Each structure stands twice: as structure tokens, then as C-alpha cells.
Engineer: 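Dumping the structure here so I can ask a few things about it.
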Number of protein chains: 2
Amino acid sequence: MKYSKKTISESLPRYQEIQNHLKSQILSGTWAPGTKVPSEHELAAQFDCARMTVSKAIGSLVEKGLVVRRRRAGTIVAAPRSQETVLEIHDIQAEVQASGRLYRFDIQSRRVGKATREEAEKLGAALGSPVLAISCVHWADTVPYALEERLINLDAVPEAESEMFREVPPGSWLLAKIPWNEAEHRIFAVSADAVTARVLKIRRSAPCLCIERRTRRDSHNVTYVRLIYPGEQHVLVARFQTHGATAR
Amino acid sequence: MKYSKKTISESLPRYQEIQNHLKSQILSGTWAPGTKVPSEHELAAQFDCARMTVSKAIGSLVEKGLVVRRRRAGTIVAAPRSQETVLEIHDIQAEVQASGRLYRFDIQSRRVGKATREEAEKLGAALGSPVLAISCVHWADTVPYALEERLINLDAVPEAESEMFREVPPGSWLLAKIPWNEAEHRIFAVSADAVTARVLKIRRSAPCLCIERRTRRDSHNVTYVRLIYPGEQHVLVARFQTHGATAR
DNA sequence: CAGCGCAATATGCCTAGACATATTGGCACC
DNA sequence: GGTGCCAATATGTCTAGGCATATTGCGCTG
């Protein structure tokens with residue numbers, strides 16, 4: 001059979017049709033975890049196409065973590081164990097503007113110097129290495145939106161030393177400077193200390209959401225940031241994703 | 001040229017070699033966002049392989065969100081947009097046991113009835129539909145670990161009505177019952193109310209991390225859960241991911 | 001019956017060519 | 001000089017084979 005795509009009305013590529021078929025069996029629970037998926041040969045016969053086409057369809061499901069393949073043993077439906085969700089952490093400026101409010105920020109303090117022990121630890125750099133420490137408040141209209149405390153490793157980003165952040169907030173500036181990176185987040189609740197309470201205009205010991213992020217590039221630590229969002233207002237939303245490649 | 005894999009050292013498949021090469025160019029920043037990647041033909045010539053092999057390599061990078069492809073225009077390096085991180089939300093029992101502590105839970109209250117307006121809204125079900133409402137405390141050794149307030153849609157999971165959760169906590173029970181699903185998380189900081197403070201043995205209005213999760217299956221809402229972790233102890237860790245789809 | 005080795009099987013990776021389709025740059029025509 | 005159309009190009013999808021490799025089940029032998 002030669003390659004002729006337009007059979008009747010068609011628009012979806014063949015491999016996606018196959019993929020959707022398999023996916024619906026899995027997601028609907030018809031095929032429970034552990035169930036053996038028909039072999040590539042069988043599916044190729046069933047959908048009347050080449051084995052490669054089936055292989056491509058299944059290959060994609062593997063990347064999505066819906067199935068696991070083993071030679072000779074065949075393809076089986078993966079078990080969903082730890083739930084993984086994708087959390088989008090936006091640029092604060094974009095976040096505020098997306099909600100239709102006026103974005104503004106002001107630099108509270110700015111210091112260039114050698115890293116103290118605490119700073120070196122947070123940043124993951126050597127003690128005494130040159131750092132830029134910045135404290136900055138983000139505003140949405142006339143309400144404090146978040147307090148940012150940031151350390152920048154000047155060994156990694158020497159240009160930052162002369163940057164005054166008059167126009168662009170540090171986060172956005174760095175994002176533009178450093179195209180691709182690795183990051184690690186820690187999210188937890190804290191109680192507002194005196195300084196935080198003052199600048200965010202909330203009462204002392206009010207609950208705040210705190211996000212710590214350490215960013216690396218090519219295994220070099222670039223920046224550490226601690227964002228404190230006031231009160232119970234700020235909500236991180238993580239959209240779904242099930243998966244189970246990491247079996248347990 | 002016929003297919004002969006074992007050239008010299010033999011190890012990585014061809015398409016992965018190509019993928020790694022491209023990936024390193026992108027991640028190192030050598031190819032800035034917007035840069036045009038060599039065409040499939042060029043790469044095929046360069047790596048002395050078939051175009052399909054190159055296509056497979058690039059196809060995977062597309063799924064990872066590192067590049068964007070457009071016909072005729074070619075393949076270009078994608079711009080890193082909002083940072084996305086993968087957040088793993090574990091089963092509480094597993095979480096506690098992983099930290100080497102003894103896991104225990106007790107059911108505070110259990111009620112079967114018709115959904116109140118508030119419950120219906122949280123669960124995303126119709127007002128008056130049958131629900132199971134459960135409140136449950138999770139312990140690590142002798143310390144309260146989290147307070148769980150859960151609603152289960154009995155239309156979706158009728159078996160839950162007769163389940164008393166003596167052995168298995170509701171979360172684990174449901175996870176085993178419902179193999180694949182979609183979920184939506186909301187994460188924020190709250191201040192402990194009187195009840196929460198009492199059962200978690202913390203002072204009133206102490207900051208707590210709150211995770212709300214609504215779980216669906218086949219677009220049917222199955223369960224809503226609100227987990228409250230006491231104090232500043234509990235930390236969610238999200239490992240990096242610059243971007244993209246599903247990745248590993 | 002236990003253990004070993006082999007053949008069958010299912011995936012893994014690859015090729016060389018084909019047709020399909022979107023897009024773009026340039027050329028011809030007005 | 002503007003504009004519309006066409007050919008060149010790069011990807012998108014697919015085929016029908018091929019050899020490579022891990023595993024499993026089974027039959028044979030001690």
C-alpha cells in the first residue's frame with residue numbers, strides 16, 4: 001500500500017490517530033496499569049500502516065510517561081505513582097500586568113561586596129566571592145505585591161555590577177541576559193518579620209508565601225532569589241499532569 | 001550506506017548523538033533563541049545518516065520545547081518563556097516514611113450526605129449530589145504532619161460510601177482506585193484557624209502551607225482535597241525545567 | 001526435576017526514497 | 001513601484017524493508 005494520506009475527510013496524521021486511540025484506552029482506565037499493549041505488528045495490521053508509524057506513536061507516549069517498553073516483553077501501561085504537576089512561575093511584571101493592574105517596582109537597597117557566609121551558602125558560591133545584593137518591592141497599582149531579595153553572582157554575571165535597575169527589574173533583566181538555565185525552587189509558608197511587614201504593609205507575623213529560587217547556568221550558580229508574597233492572596237496554580245515513569 | 005551501528009566505540013544511538021549536539025549548542029547559549037538550526041538535509045549530510053534519523057532527533061527537541069519548527073522557514077531555537085518547573089506531589093504516607101518516620105493517621109470526622117453549596121462548589125459537582133466528607137490528620141511519629149479535608153464525589157466513586165478508611169488513608173485509597181486522572185493544584189499560605197491550630201498542635205494564626213487539589217477523571221470531578229501543613233517546616237521542592245512539555 | 005541453551009519474539013534503530021504541504025523569496029506583469 | 005503568482009525549499013508524514021539486541025519460554029539434557 002502506497003502512501004496516500006487523504007482517504008476520506010482526514011486531517012489528523014495516522015500516528016496521531018493511533019496515539020489517541022491508545023491514550024484513550026489508558027486514560028479511561030480500560031487498560032489498567034500493567035496491561036500489555038498490542039504489539040507493534042498487531043497495531044500496524046490493525047491500523048493498516050507500517051510498523052514505523054506505530055512505533056512513532058508509541059514512542060511519543062513513552063516520552064509522556066504513559067507506557068513503558070521493554071524488548072521482547074512488549075509495551076505495557078505505566079503505573080501512575082507520584083503525581084507531578086507543572087508549575088508555571090511567571091515573571092512578576094508579566095504576572096501583575098496580566099491581571100490588568102499597573103506594575104511598578106522600587107529598589108530598596110543595593111550593595112556590591114563580598115559574600116558573607118550566609119550569602120555564599122544561599123547562592124552556592126565560594127565565601128567572599130563578589131556578589132550583588134538587591135532588595136526590591138514589586139507593586140500592583142498601589143498595593144505591595146511581593147518583596148524580592150536577590151543575590152547575583154558577579155563572577156557569573158559581571159555586567160550586573162554596573163546595572164542600576166532603573167527601568168527593568170532584576171528578574172526580567174537576568175531572564176533576558178541568561179537565555180537558558182536550570183533552577184530549583186523551594187516553596188513554603190513563613191510568618192512576616194518586622195521588615196517584611198513594613199514594606200508589604202501587612203501586620204507582623206501574617207502568613208506569607210515564600211518562593212526561593214536558585215538559578216544555575218552551565219552548572220554555575222547565577223542568582224538566588226527569595227520572593228515573599230503577602231497574606232493569603234497569592235495563589236500558585238499548578239495544572240495537572242499525571243505520569244508514572246518513575247515506578248515505585 | 002547500509003545500517004551498521006557498531007562503528008568504533010558504539011554506545012549512543014545516532015539520533016541521540018545528534019540530539020545531544022543540538023542540545024548543547026542551545027543550552028550553552030551558542031545558539032541564541034531565534035537562531036536557525038541547520039536544515040535536516042544539512043544535518044543528515046553532516047552526521048552521515050538518513051533524514052528520518054535527524055527528524056527523530058529534532059522531533060524530540062520540539063516535544064521538550066527547545067526548538068520550534070515551521071515548514072519552509074526551518075527549525076529555530078525557541079525562546080524561553082515563563083519558567084516551568086515540575087513539582088512532585090507525593091502521597092503523604094510515602095512522604096513521611098521516606099523521611100524515616102513512623103506514619104499514622106486518624107479520621108477526625110466522616111459524613112455521607114448531600115453536597116452543600118460550598119461543598120458542591122469546591123468539588124465542582126451539582127448542588128445536592130451525594131458526597132463523602134472526611135477530615136483526617138496525618139502524623140509523623142508523634143508530631144502532626146498535615147490536616148486533610150477531603151470531599152469525594154460518590155457519583156464518581158460509589159465504592160467510597162462503604163469504605164471506612166481504617167487501614168488505608170483516603171488519598172492512597174483513591175490513588176489505587178483511580179489509575180489515571182487530571183488534577184489542578186492551588187498553593188498558598190494561610191493562617192491557622194482555631195480548629196486547625198488545635199489538631200495540628202500549633203498556635204492560632206501560625207502560618208501554614210495550604211495545598212488544594214481538585215482531581216478529575218474523564219472530565220468528571222472525583223475528589224477535592226485541602227491539605228494544611230503546619231508552620232514553616234513543610235517545603236515543596238520543584239526541580240527545574242526551563243520550558244516545555246513533558247520531560248524527564 | 002533443575003538448570004542450561006537456543007529459538008522465537010518484540011522492540012530499537014536505521015535506510016532510502018516517496019508524496020504532502022506550508023511558506024517564502026523572487027520574478028513577471030501591470 | 002506595487003502586487004500577485006510560482007517555484008524552490010524545508011519540514012511533515014509515510015512505506016517497506018533491514019539488521020541489532022534483550023528477553024522469555026520451552027525443550028533438552030544431566
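Everything numeric here is computed off the predicted structure, so don't read it as measured data. Each chain gets a letter, A, B and so on, in the order the sequences are listed, and its residues count up from 1.
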Engineer: What is the nucleic acid contact for B/T75, judged by heavy atoms within less than 4.0 Å: base, sugar-phosphate only, or nothing?
Structural biologist: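 Sugar-phosphate, backbone atoms only, no base.
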Engineer: Is any side-chain N or O of B/S55 closer than 4.0 Å to OP1 or OP2 of D/dT11?
Structural biologist: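 No, outside the criterion.
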Engineer: Which heavy atom of A/T223 sits nearest to which heavy atom of A/I152, and what is that distance?
Structural biologist: OG1-CG1, 3.8 Å
Engineer: Where along residues 36-45 of chain B does a heavy atom fall under 4.0 Å from DNA chain D?
Structural biologist: B/S39, B/E40
Engineer: Quick test of your reading: applying ring pair (Phe, Tyr, Trp, His ring centres under 6.0 Å), list the pairs with at least one residue in residues 152-173 of chain A, sequence neighbours left out, ordered by first then second residue.
Structural biologist: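 Checked against ring pair (Phe, Tyr, Trp, His ring centres under 6.0 Å) - neighbours excluded - the pairs reaching residues 152-173 of chain A are A/F165-A/W173.
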Engineer: Would you mind reading off the distance between A/M52 atom CE and D/dG18 atom C1', rounded to a whole angstrom?
Structural biologist: 12 Å
Engineer: What pairs meet the side chain to side chain donor-acceptor pair (under 3.5 Å) rule with one or both residues in residues 92-105 of chain A, with sequence neighbours excluded?
Structural biologist: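 Listed by first then second residue: A/E95-A/Y145, A/S99-A/R101, A/Y103-A/H138.
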Engineer: Go through the structure and list residues passing side chain to side chain donor-acceptor pair (under 3.5 Å) with B/T30, not counting sequence neighbours.
Structural biologist: B/S28
Engineer: Show me the pairs that pass ring pair (Phe, Tyr, Trp, His ring centres under 6.0 Å) and involve residues 55-74 of chain B, at least two apart or across chains.
Structural biologist: none
Engineer: Starting from the first five and the last five pairs of the helix from C/dC1-D/dG30 to C/dC30-D/dG1, work out the angle between the resulting helix axes, to 10 degrees.
Structural biologist: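 The end-segment axes of the helix from C/dC1-D/dG30 to C/dC30-D/dG1 are tilted 0° relative to each other.
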Engineer: Output all residues satisfying side chain to side chain donor-acceptor pair (under 3.5 Å) with A/R214, sequence neighbours left out; order by chain, then residue number.
Structural biologist: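 Checked A/R214 against side chain to side chain donor-acceptor pair (under 3.5 Å); zero matches.
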Engineer: So which protein nitrogen or oxygen atoms get under 3.5 Å of nucleotides 23-25 of chain D's nitrogens or oxygens?
Structural biologist:
residue : atom : partner : partner atom : Å
D/dT24  : OP1  : A/R70   : NH2          : 2.5

Engineer: So, is A/Y15 close to the D/dC14 phosphate, meaning a side-chain N or O under 4.0 Å from OP1 or OP2?
Structural biologist: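 Looking at the OP1 and OP2 atoms of D/dC14, neither is under 4.0 Å from any side-chain N or O of A/Y15.
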Engineer: Separation of A/L61 atom CG from C/dT11 atom P, in whole Å?
Structural biologist: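 That distance rounds to 13 Å.
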Engineer: Which nucleotide in the set C/dT11, C/dC13, D/dC14 lies at the smallest distance from any side-chain heavy atom of B/P13?
Structural biologist: C/dC13
Engineer: Roughly, in whole Å, what's the span from CG in A/L12 to C1' in C/dA20?
Structural biologist: 15 Å
Engineer: Closest-nucleotide mapping onto DNA chain C: is B/R51 or B/K56 further toward the 5' terminus? I mean the 5' end.
Structural biologist: B/K56
Engineer: In whole angstrom, give the distance that lies between atom CZ of B/R69 and atom C1' of C/dT23.
Structural biologist: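 The distance from CZ of B/R69 to C1' of C/dT23 comes to 15 Å, rounded to the nearest Å.
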Engineer: A/R14 CZ to C/dA20 C1': how many Å, rounded?
Structural biologist: 15 Å
Engineer: Using the side chain to side chain donor-acceptor pair (under 3.5 Å) criterion, which residues pair with A/T35? Sequence neighbours excluded.
Structural biologist: none
Engineer: With sequence neighbours left out, what residues match A/Y15 under side chain to side chain donor-acceptor pair (under 3.5 Å)?
Structural biologist: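 Expected list: none.
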Engineer: For the pair made of CD1 in B/I76 and P in D/dT9, what is the distance, rounded to whole Å?
Structural biologist: 20 Å
Engineer: Could I get the full list of ring-ring contact (aromatic ring centres under 6.0 Å, His included) partners for A/H220, not counting sequence neighbours?
Structural biologist: none
Engineer: For B/H21, enumerate each residue passing the ring-ring contact (aromatic ring centres under 6.0 Å, His included) test, keeping only those at least two apart in sequence or located in another chain.
Structural biologist: B/F47
Engineer: Pick from A/E148, A/R150, A/E212: which one makes a side-chain contact (heavy atoms from CB on, under 4.5 Å) with A/R226?
Structural biologist: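 Per the side-chain contact (heavy atoms from CB on, under 4.5 Å) rule, the option paired with A/R226 is A/E212, out of A/E148, A/R150, A/E212.
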